[in-house]
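One structure is given here, and the rest of the page talks about it.
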Amino acid sequence: MTLRLDVTSDSMKLDVPSDLGMVGDAVELVATHLPPGTLSPRRISFNLRTALAEALGNAIRYGTGEDPRRTVRVRVELGSEFVRIHVIDDGAGFDHRRLPDPTHPENVAREFGRGLFVIRNLVDDVEFNEKGNGICLTLRAG
Amino acid sequence: MTLRLDVTSDSMKLDVPSDLGMVGDAVELVATHLPPGTLSPRRISFNLRTALAEALGNAIRYGTGEDPRRTVRVRVELGSEFVRIHVIDDGAGFDHRRLPDPTHPENVAREFGRGLFVIRNLVDDVEFNEKGNGICLTLRAG
Amino acid sequence: MRFTLKKDKSGVVVVGVEGQLIVGNRQELKQKVLDALEEGSRKFIIDFSKTGYIDSSGLGVLVSLSKKIREQGGELRLAGLNADLQTLFELTKLDTLFAITRTAEEALAAF
Amino acid sequence: MRFTLKKDKSGVVVVGVEGQLIVGNRQELKQKVLDALEEGSRKFIIDFSKTGYIDSSGLGVLVSLSKKIREQGGELRLAGLNADLQTLFELTKLDTLFAITRTAEEALAAF
Ligand SMILES: Nc1ncnc2c1ncn2[C@@H]1O[C@H](COP(=O)(O)OP(=O)(O)O)[C@@H](O)[C@H]1O
Ligand SMILES: Nc1ncnc2c1ncn2[C@@H]1O[C@H](COP(=O)(O)OP(=O)(O)O)[C@@H](O)[C@H]1O
């Protein structure tokens, strides 16, 4: 299975089979082929990579149940002032407003529940589609 | 007509319609989506861009006669120590060994005949396929 | 991406994480550390000096390993976090859960 | 990619080349300069300070324009070449064919 990134002057597109083993390579492919200039190398190599790995991991685990016949779509809008990454699965979605705070003393020692919290802290803006099976991460220039 | 670059972890692929107006955008697409680290930003933005524009211009003008139904293929191998760009047309090819020296006093004031000379001076290695309708430009890391 | 385990002469296991610790490879790290725990090791250092990024699954596996090691009377220390990774531990408040030192050498000396 | 033509109060036409001068856009530059020549302008400066790269077709159009302008008793000067572009002119020996100055202002002052 070779991942193929489809690039135009203002977009990148990648379909990822629902397999957690693909997350690292998918993140690498997107991160290393972003045009230079908009995001600093440091934000690409840390913030973008981490946030995209989170979003992909969720879409694969919860959205598509790690079924490699199913696909998670990654769509990237390349602006001169921003990079916007959409991660869309074909699952049932979820309600992102009802998540416990992972930093609450009761939760700090839990193994799970930090993904969206981490995403929100690493990118400039997070939006969900109505169904909750599509997340959109915006990183502004800098 | 939107140019689409097809990217994997070790390659990039682009088909360009034989139209000189596409050269600039094609060069831009390849140059801005190269992974960072192998070539310096300066060599990407000057040496690679110039050499690729030359090779594409030749493949479009001489190889495919500016017929937008015909296509010039760009194939890029991404190594950690090199970037290798193949530009292949489906034309009759030519004999690259029999080109006049454009810097000879008789030729300096000519309008044409500098393309391959410029390419040879900007990249580390130039090779042709046997037919002469495919050129391969190698830029080594640095 | 690669995990290296080295046992120091004083019996401390130093685990190197090269590349990333994420949802796609955390099980491998977990298994390697649990195997060493099974075989009797009790002192562990995970060295992130060659780590690019860690996602929340990676953080989760560290929480889980730390718990399992403590249950066996052992201890897990973290070292080599760069500024971005340090911030990640701080904003998730995981810096309060782990003993974190600047380098693996410092962690070794402190055991 | 964009060409800007500005006529200085002393009648010198300063042409700015933004982006690149290559096989795909050289005709546009050629036409703009020939139009100005037609309309009576004789002194031209092409300013490359905002130019990323020039291919051999671009160089060819400069050779051709220079010839046409000289035939009308005029002159073309080049300015604003960065180190890479300067090297390109040197290795093609085109630096011997053109009057090249560091900045467009210097070229203007020299007319
Ligand atoms: N793409 C998705 N589809 C369905 N449910 C999701 C999706 N992403 C996240 N969720 C839900 O949100 C919860 C919180 O996710 P997150 O904050 O990433 O933490 P974790 O993955 O560790 O549970 C998940 O447990 C899951 O129920
Ligand atoms: N892809 C190609 N197919 C056929 N002929 C070519 C090709 N590339 C170059 N040539 C031939 O080589 C000659 C020299 O090319 P070049 O050095 O780029 O200078 P110029 O394009 O200015 O003539 C061209 O005039 C053409 O005859």
Side-chain angles (χ1 to χ4, degrees), chain A residues 1-17 19-49 52-53 56 71-86 139 141-142, chain B residues 1-17 19-49 52-53 56 71-86 139 141-142:
Chain A
M1 178 65 215
T2 305
L3 291 171
R4 308 198 82 89
L5 183 71
D6 183 348
V7 180
T8 71
S9 63
D10 59 4
S11 76
M12 308 207 293
K13 196 170 111 177
L14 175 68
D15 290 339
V16 184
D19 171 350
L20 290 175
M22 296 304 246
V23 172
D25 289 347
V27 167
E28 233 32 51
L29 199 55
V30 171
T32 56
H33 293 283
L34 279 181
T38 306
L39 303 181
S40 73
R42 181 169 170 182
R43 285 180 77 219
I44 291 177
S45 77
F46 186 74
N47 301 56
L48 182 142
R49 272 185 171 85
L52 178 54
L56 268 173
T71 297
V72 173
R73 289 182 293 147
V74 180
R75 300 294 180 262
V76 186
E77 297 172 56
L78 303 169
S80 58
E81 295 301 318
F82 65 88
V83 170
R84 188 166 288 140
I85 307 182
H86 303 261
L139 289 104
Chain B
M1 178 64 215
T2 305
L3 291 171
R4 307 198 83 89
L5 183 71
D6 183 347
V7 180
T8 71
S9 62
D10 59 4
S11 76
M12 307 206 293
K13 195 170 111 177
L14 175 68
D15 289 340
V16 184
D19 171 350
L20 290 175
M22 297 303 245
V23 172
D25 289 348
V27 167
E28 233 32 53
L29 199 56
V30 171
T32 56
H33 293 283
L34 279 181
T38 307
L39 304 181
S40 72
R42 182 169 169 182
R43 284 182 78 220
I44 292 176
S45 77
F46 186 74
N47 301 56
L48 182 142
R49 272 186 171 85
L52 178 54
L56 268 173
T71 298
V72 173
R73 290 181 292 149
V74 179
R75 301 294 180 263
V76 186
E77 298 172 55
L78 302 169
S80 58
E81 295 300 319
F82 65 88
V83 170
R84 189 165 287 140
I85 307 181
H86 303 261
L139 289 105

*pair A:K13-A:R73: side-chain heavy atoms closer than 4.5 Å*: no

_Contacting region of B:T8 [heavy-atom separation from chain A under 4.5 Å]_ = both

*Please examine the side chains of A:V7 and B:L14, heavy atoms only from C-beta on, and report whether any two atoms are closer than 4.5 Å.*
no

_A:R43 side chain vs A:G142 backbone, donor-acceptor pair below 3.5 Å_ = yes

*A:S9, A:P35, A:P36, A:A31: which one forms the most heavy-atom pairs within less than 4.5 Å of chain B?*
A:P35

*pair A:R84-A:R75: side-chain heavy atoms closer than 4.5 Å*: no

*Sort B:L78 into side chain, backbone, both or neither according to what part of it lies under 4.5 angstrom from a heavy atom of chain A.*
side chain

*Heavy-atom distance under 4.5 Å to chain B: side chain of A:L29, backbone, both or neither?*
side chain

*Option in A:L3, A:T32, A:D25, A:T2 with maximal non-hydrogen atom pairs under 4.5 Å from chain B*: A:T32

*Could you tell me whether the side chain of B:I44 reaches within less than 4.5 Å of the side chain of B:L139, counting heavy atoms only?*
no

